[in-house]
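Both backbone and side-chain heavy atoms feed into the values below; hydrogens, waters and symmetry mates do not. When a residue number appears, it is its place in the shown sequence, counting from 1. This structure is a prediction, so every number in the text was calculated from the model and none was measured.
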Amino acid sequence: MPKININGKEIDFETGMTVLQACELAKVEIPRFCYHERLSIAGNCRMCLVEMEKSPKPIASCAMPAVEGMKIKTNSELVEKARKGVMEFLLANHPLDCPVCDQGGECDLQDQSLYYGVDKSRFSENKRSVSEKYMGPLIKTQMTRCIHCTRCVRFSTEVAGVPEIGAIGRGENMEITTYLEKSMDSELSGNVIDLCPVGALTSKPYAFSARPWELKKTESIDVLDAVGSNIRVDTYGWEVKRILPRLNEDINEEWISDKTRYSCDGLLKQRIDSPYIKKENKLIKSSWEDALDTIIKKFKETDPNQIAGHIGDLVNLETTFAFKKFFEEIGSQNLEFREKPFYINPEDKMNYLFNSSINGIEESDLILLVGSNPRHEATILNARIRKAFRNNKTPIFSIGDPGDQTYDFKILGNSTQTIKEIIEEKHEFNKILNNSKKPLIIIGESALELESGGYIFEELKNFLIKKELINDKWNALNILVQNASTVGALDFKIINKDQSNSNFFKNIKNKKFKILYLLGSDNLKFDKNEEFVIYQGSHGDRGAEMADVILPSPAYTEENGLYQNLEGRVQECRKASYPAGEAIENWKILNKLNYLYKNKNLFTSYNSLKEEVLKNIVNFKDINKLPKFKEPSKKINNIFKNEKIHLSHIDYYFSNSISRSSKVMSECRSIKIKTLKSGTNN
């Protein structure tokens with residue numbers, strides 16, 4: 001390996017590294033504002049200046065390629081003088097408003113000015129002032145603070161794939177703006193706040209709420225989609241003030257979606273804080289004792305075959321497992337997690353996973369979307385597809401129109417006939433597929449909802465097995481599920497056994513059930529008739545509206561729980577706050593019900609429940625690890641029908657009960673609807 005001399009020490013570095021990266025290998029900290037390891041090099045701020053032997057002046061280490069034999073000094077008088085000069089330029093126009101700036105305490109400019117700032121300025125000119133820019137309901141701007149690092153410009157163009165932020169003007173008249181002063185049309189826009197090294201871009205909903213040192217920080221995961229992004233939940237007392245991304249190279253890198261970041265105000269609103277019983281068509285506040293007694297009385301006078309349960313989209317593994325155990329005690333097998341019928345084969349775990357892994361997207365040399373819209377179904381996963389497209393020029397094809405994406409793609413067709421032609425190797429696409437070493441096929445729920453859903457999945461799987469593209473080194477078969485609870489529910493077989501006929505949905509439609517237990521379920525659509533509906537959840541949303549008895553339980557930030565993301569990776573969601581009012585943890589409610597019904601507890605403690613859950617997870621390896629590979633099985637005799645693949649509409653900002661309770665998400669949704677209407681009119 002080539003060597004470089006940094007402050008008298010020889011360091012091995014990889015070819016292609018910059019001087020700044022080589023300095024990091026030597027554990028030398030180089031100050032920077034514009035440089036970011038996930039963005040292209042700009043060399044704007046000049047804060048990373050270092051001294052290089054035989055160079056008459058300091059060099060910008062972020063933009064200088066490291067070369068064999070270079071001698072670099074990072075702590076000389078020349079370097080310190082140069083950095084102080086740069087800092088003086090940066091502070092020449094910077095307003096002295098740190099006490100009222102939300103970036104205070106987390107500001108890179110504050111940190112660096114402590115080391116390189118001076119207590120006076122040699123500039124006598126008036127400070128420039130820049131008018132504020134409108135960037136939507138999420139980003140608050142104070143552009144006089146901007147130091148023109150262009151991180152936000154590069155992020156929106158390169159990572160988000162929405163080139164809406166840019167610079168106008170030159171010199172001291174340069175301004176960062178969205179050109180047309182409109183809301184950023186991206187589901188990742190909030191990440192520019194984390195990237196901004198000063199207080200030019202801050203969080204609008206969080207403005208003036210708290211200082212960082214006042215907040216309790218809890219490492220957790222996001223459950224508002226199936227990706228399982230790693231997050232940090234910041235709380236003040238029991239209130240969740242903000243949610244920030246946490247670094248995880250395998251899943252979300254250091255980005256999170258706007259829905260993940262800004263839905264947290266929904267945790268305060270429309271909360272269910274005590275049990276309710278419906279009397280004379282009105283929900284009346286009740287005690288736990290009365291609510292549970294009412295439920296048990298109904299259970300005892302009803303045939304178990306007429307009792308059904310439905311699991312919602314945000315339910316953790318422990319609650320799912322306890323719910324199944326409770327229904328076994330009752331003697332009912334009518335359990336379901338799907339919000340509408342779609343084909344799924346729970347026999348092999350790979351049949352419902354994103355088997356290539358999120359990280360593996362970057363390795364693929366061909367991507368085929370089948371009835372899938374990754375931008376709205378899994379925003380962070382979509383960012384990886386964008387990264388593969390941009391960095392590796394990975395070609396992307398789609399069967400069915402996924403709408404506006406953040407990368408170029410080619411539509412092969414809009415019907416199941418196209419899939420049949422590919423499987424029978426009669427399509428032009430087969431030539432491209434045959435030349436691919438690591439293709440990636442992503443099947444969305446919209447394709448599986450069709451009558452040919454079984455054919456699409458099973459025949460594509462058989463096709464990939466035949467092509468030897470499903471093995472322990474590379475698995476090209478990927479299912480893009482949309483809910484955080486889906487993979488865990490399938491592991492525990494929370495699905496009607498005769499699912500080919502979708503009995504659960506037919507029985508609801510035909511009014512066969514007398515009791516319906518909705519566990520955090522707010523997205524199941526059905527017309528209530530004479531069913532006795534029990535709702536257990538955290539928010540007064542769609543499920544609570546039709547309930548006869550309501551049992552309050554915590555939101556995902558208010559109890560410990562395990563979740564499996566779409567890759568089958570088991571992660572821990574940690575308690576960061578406290579439940580509202582009289583709410584009790586989900587598994588404890590089911591324990592109480594079982595004790596009243598059978599005179600025994602389901603579980604002795606949370607730890608015993610967690611141990612049993614981990615034992616029952618299919619192909620489980622360890623926490624935060626991908627599941628073990630198991631050889632696939634084949635299923636044949638699948639019925640084909642020529643159908644149009646129509647992607648189901650996703651109300652992105654209103655996809656779950658927490659987001660629907662969020663004022664911020666409501667504003668985002670209103671702006672999106674207005675934008676779509678104005679686009680249609682034009």
Side-chain angles (χ1 to χ4, degrees), residues 342-345 347-357 360-374 385 388-389 392-402 405 407-481 500 629-647:
F342 62 83
Y343 179 85
I344 207 84
N345 177 358
E347 289 172 19
D348 285 347
K349 182 151 186 165
M350 72 169 64
N351 293 351
Y352 47 89
L353 292 185
F354 197 91
N355 295 292
S356 303
S357 80
I361 292 170
E362 293 180 49
E363 296 177 41
S364 74
D365 52 9
L366 174 67
I367 297 173
L368 173 64
L369 308 175
V370 181
S372 172
N373 177 2
I385 298 175
F389 169 76
N392 308 332
K393 307 290 185 259
T394 306
I396 301 166
F397 297 87
S398 178
I399 300 175
D401 185 0
Q405 298 296 311
Y407 37 78
D408 295 334
F409 61 92
K410 183 181 178 183
I411 297 175
L412 298 174
N414 286 312
S415 73
T416 53
Q417 183 62 36
T418 307
I419 299 170
K420 190 171 189 284
E421 287 172 12
I422 291 170
I423 290 164
E424 293 173 353
E425 303 205 46
K426 295 176 181 175
H427 199 279
E428 291 176 8
F429 176 72
N430 288 93
K431 293 176 186 175
I432 303 167
L433 185 62
N434 291 336
N435 291 327
S436 171
K437 291 180 181 176
K438 289 188 173 181
L440 200 134
I441 294 178
I442 302 173
I443 305 170
E445 289 183 10
S446 294
L448 300 175
E449 286 170 22
L450 300 170
E451 288 182 53
S452 300
Y455 175 88
I456 291 168
F457 174 76
E458 298 296 349
E459 293 305 323
L460 275 173
K461 182 185 176 185
N462 295 340
F463 174 74
L464 293 173
I465 292 170
K466 180 184 163 187
K467 293 282 184 183
E468 297 181 351
L469 290 169
I470 296 180
N471 52 61
D472 57 348
K473 291 185 176 62
W474 182 258
N475 191 335
L477 180 71
N478 298 285
I479 305 300
L480 188 55
V481 296
S500 59
F629 175 79
K630 195 177 176 184
E631 287 297 326
S633 61
K634 284 188 177 184
K635 191 173 180 180
I636 53 174
N637 298 327
N638 302 295
I639 300 163
F640 172 78
K641 186 179 178 183
N642 192 357
E643 299 171 83
K644 186 176 180 183
I645 297 175
H646 177 73
L647 271 75

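Contact of the Asp408 side chain with the Ile396 side chain is not registered, since no non-hydrogen atoms from C-beta on lie closer than 4.5 Å. Residues Leu440 and Thr394 form no side-chain contact, since every pair of their non-hydrogen atoms from C-beta on lies 4.5 Å or further apart. Here the side chains of Ile645 and Asn414 are not in contact, with every heavy-atom distance at 4.5 Å or above. Counting only heavy atoms from C-beta outward, the side chains of Leu369 and Ile367 approach each other to under 4.5 Å. The closest side-chain heavy-atom distance from Phe429 to Leu366 is below 4.5 Å. Within the 4.5 Å cutoff, the side chain of Ile385 has heavy atoms near those of the Ile442 side chain. By the 4.5 Å heavy-atom criterion applied to side chains, Glu425 and Asn434 are counted as neighbours. Side-chain contact between Asp472 and Glu631 is absent, with no heavy atoms from C-beta onward closer than 4.5 Å.
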Might you work through the side-chain contact (heavy atoms from CB on, under 4.5 Å) test for Ile361 and Phe354, ending with a clear yes or no? CA-CA 10 Å; Ile361 292 170; Phe354 197 91; 4.0 Å; yes

Would you please test Trp474 and Glu363 for side-chain contact (heavy atoms from CB on, under 4.5 Å) and show each step? CA-CA 10 Å; Trp474 182 258; Glu363 296 177 41; 4.2 Å; yes

Working for side-chain contact (heavy atoms from CB on, under 4.5 Å), residues Glu458 and Ile636: CA-CA 7 Å; Glu458 298 296 349; Ile636 53 174; over 6 Å; no

For Leu477 and Ile443, run side-chain contact (heavy atoms from CB on, under 4.5 Å): C-alpha distance rounded to whole Å, both residues' side-chain angles, the deciding distance at 0.1 Å, then the answer. CA-CA 8 Å; Leu477 180 71; Ile443 305 170; 4.1 Å; yes

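Shortest non-hydrogen contact noted between Pro402 and Leu647 is CA-CD2, 3.7 Å. In plain terms, the two heavy atoms of Asn345 and Tyr343 that are nearest each other are CB-OH, 3.7 Å. Annotation for Asn430 and Glu421: closest pair OD1-O, 3.9 Å, computed over non-hydrogen atoms. Between Asp365 and Pro439, the shortest heavy-atom distance links the atoms OD1-N, 3.6 Å. For the residue pair Gly371 and Ser446, the shortest heavy atom distance occurs at O-CB, 3.5 Å. Nearest approach of Ser398 to Leu368, heavy atoms of both residues: N-CD1, 4.2 Å.
The structure places CD of Glu424 at 10.5 Å from CZ of Phe463, a figure rounded to the nearest 0.5 Å. Note: Ile399 CD1 to His427 NE2 = 7.0 Å, rounded to the nearest 0.5 Å. Once rounded to the nearest 0.5 Å, the distance linking CZ of Phe629 with CG of Asn471 reads 6.0 Å.
Atom NE2 of His646 has 12 or fewer neighbouring heavy atoms from other residues, nucleotides or ligands inside a 6.0 Å radius.
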May I have the list of side-chain donor-acceptor pairs in residues 450-457 shorter than 3.5 Å, sequence neighbours left out?
{"from": "Glu451", "atom 1": "OE1", "to": "Lys641", "atom 2": "NZ", "distance (Å)": "3.4"}
{"from": "Glu451", "atom 1": "OE2", "to": "Lys641", "atom 2": "NZ", "distance (Å)": "3.0"}
{"from": "Ser452", "atom 1": "OG", "to": "Lys641", "atom 2": "N", "distance (Å)": "2.8"}
{"from": "Ser452", "atom 1": "OG", "to": "Lys641", "atom 2": "O", "distance (Å)": "2.7"}
{"from": "Ser452", "atom 1": "OG", "to": "Glu643", "atom 2": "OE2", "distance (Å)": "2.8"}

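By the side chain to side chain contact (heavy atoms under 4.5 Å, CB included) test, Ile465 pairs with Lys461, Asn462, Ile470, Pro632, Lys634, sequence neighbours left out.
Checking side-chain atoms of Asn475 against main-chain N and O of Ser356 turns up no donor-acceptor pair under 3.5 Å. In terms of modelled atom types and a separation under 3.5 Å, the side chain of Asp348 and the main chain of Met350 share no donor-acceptor contact.
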